[in-house]
Amino acid sequence: MKILIVDDSKAMRMIVTRTLRQAGYGDHVFVEAVDGADGLAKVAGEAPDLVLSDWNMPEVTGIEFLRALRASGNDVRFGFVTSESTDAMRATAEQAGALFLIGKPFTAETFAEQLGAVLV
Amino acid sequence: MSTILGADDASVVTSAQITAIAQEVWESFLGRSLLPHPMGPHAPALEGQTVTGCVHVSGEWNGSVFLSCDSETAAAAAEAMFAADPGSLSSDEVSDALGELTNMVGGNIKSLLPAPSRLSVPTIAVGASGAVRIPGAVLLDRVVLLSDPGPLHISIWKV
């Protein structure tokens with residue numbers, strides 16, 4: 001399985017990767033993108049099974065990225081990993097087609113719980 | 001305990017909440033503890049070269065969250081995030097790490113502020129202590145935490 005990790009922070013992409021391994025997903029393939037624009041290109045080129053995206057990014061934000069995917073007919077499984085986890089954000093994410101929203105900071109247990117529910 | 005006044009003058013974020021947010025971020029991603037400075041917001045200002053991360057909140061509440069520390073503390077935090085050897089990171093990588101720490105602390109503080117509002121991407125400035133200014137902004141609160149090796153200053157500004 002291929003997982004696309006989208007975040008403008010190199011440090012956070014590394015932490016997400018590390019946490020995915022700790023959550024038991026170390027045998028999957030990880031691909032990275034630096035913002036929503038790069039994410040769109042990577043989805044087209046890499047055909048990931050799951051996208052984990054930050055929300056607040058330059059160029060194209062996470063929510064813009066998701067909306068562009070859905071508008072193009074791409075229904076790739078998508079979850080947010082973001083520092084803002086209000087009820088309003090979760091509702092916006094769900095309405096746009098996200099399967100979950102993980103707030104930062106997070107734990108491997110949270111990743112296992114959220115991803116386990118969608119990667120069946 | 002100092003508080004932040006929101007748009008309707010009701011206190012919406014406390015120093016204890018700011019402290020708890022920073023502590024959770026540091027413990028989760030750096031594996032390090034933060035303790036309140038015994039002098040609280042009256043702790044001495046940072047000296048020498050400092051690194052300041054800043055995010056802006058705009059909308060129902062308008063202001064900024066600053067995260068400041070000395071260069072050694074910023075480097076130590078970045079090395080913990082990257083799981084890197086001491087002295088091995090570039091200045092860009094240190095800035096990236098402090099920017100993400102600022103994003104997480106600021107984003108969680110924003111979640112407690114009046115909504116709706118937007119959070120900017122982080123900005124990083126390196127220079128003398130207090131070199132970063134927002135004209136017209138009012139300092140609402142400052143939390144100083146003991147980090148390793150130096151203190152961490154978190155300040156909330158309202159415009």
Side-chain angles (χ1 to χ4, degrees), chain A residues 5-23 26 32-39 52-65 80-93 95 101-113, chain B residues 12 20-32 34 53 55-61 65 67 74-75 77-84 89-90 92-124:
Chain A
I5 300 163
V6 188
D7 200 300
D8 55 318
S9 166
K10 177 182 174 183
M12 184 49 60
R13 294 196 302 273
M14 182 175 296
I15 288 175
V16 169
T17 301
R18 189 161 70 211
T19 305
L20 283 166
R21 293 198 172 104
Q22 293 169 346
E32 296 185 6
V34 299
D35 56 36
D38 190 24
L52 297 178
S53 177
D54 188 14
W55 189 296
N56 200 26
M57 297 182 289
E59 298 296 328
V60 176
T61 66
I63 193 66
E64 292 169 340
F65 170 33
F80 282 106
V81 182
T82 174
S83 63
E84 306 170 71
S85 57
T86 61
D87 290 342
M89 296 278 283
R90 292 180 184 277
T92 300
Q95 288 168 5
L101 186 153
I102 294 174
K104 298 175 183 175
F106 47 76
T107 64
E109 290 72 27
T110 300
F111 266 55
E113 177 185 334
Chain B
V12 290
I21 288 169
Q23 288 175 326
E24 185 178 7
V25 170
W26 251 248
E27 288 172 6
S28 296
F29 288 160
L30 278 65
R32 297 181 177 184
L34 293 176
V55 286
H56 304 291
V57 179
S58 57
E60 185 64 24
W61 191 90
V65 178
L67 200 74
E79 287 155 7
M81 285 187 77
F82 279 101
L89 295 179
S90 67
D92 282 350
E93 288 169 322
V94 174
S95 292
D96 173 88
L98 195 71
E100 185 57 29
L101 291 170
T102 305
N103 177 56
M104 285 191 282
V105 172
N108 278 277
I109 289 173
K110 171 188 170 289
S111 296
L112 301 175
L113 294 167
S117 59
R118 296 192 64 176
L119 185 74
S120 74
V121 292
T123 301
I124 298 296

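Labels below follow one simple rule: chain letters A, B, ... track the order of the sequence lines, proteins then strands, and each chain is numbered from 1.
- Considering all non-hydrogen atoms of both residues, Ser83(A) and Ser111(B) come closest at O-OG, 4.4 Å.
- Note that OG1 of Thr61(A) and CZ of Arg118(B) are 7.0 Å apart. Values are rounded to the nearest 0.5 Å.
- Across all non-hydrogen atoms, the minimal contact from Val121(B) to Asn56(A) is N-ND2, 3.7 Å.
- Using a 4.5 Å cut-off between heavy atoms, Glu93(B) touches chain A through its side chain atoms alone.
- With respect to chain B, the highest number of heavy-atom pairs below 4.5 Å among Ile15(A), Thr82(A), Thr86(A) belongs to Ile15(A).
- With a 4.5 Å cut-off on non-hydrogen atoms, Asp7(A) touches chain B through its side chain but not through its backbone.
- By the 6.0 Å contact criterion, CD on Glu59(A) is open, its count of non-hydrogen atoms from other residues, nucleotides or ligands being 12 or less.
- Asn108(B) contributes a side-chain N or O that, together with a main-chain N or O of Lys104(A), makes up a donor-acceptor pair within less than 3.5 Å.
- Contact annotation for Ala83(B): both backbone and side-chain heavy atoms come within less than 4.5 Å of a heavy atom of chain A.
- Here Thr107(A) contributes atom OG1 and Glu27(B) contributes atom CD; the two are 13.0 Å apart, rounded to the nearest 0.5 Å.
- Looking at Ser9(A), the atoms closer than 4.5 Å to chain B (heavy atoms on both sides) sit in the backbone and in the side chain alike.
- Applying a 4.5 Å heavy-atom cutoff, the residues of residues 95-102 of chain B that approach chain A are Asp96(B), Ala97(B), Glu100(B).
- Nearest heavy atoms, Met14(A) versus Met81(B): SD-O, 4.5 Å.
- Across every non-hydrogen atom of Phe29(B) and Arg18(A), the tightest pair is O-NH2, 4.2 Å.
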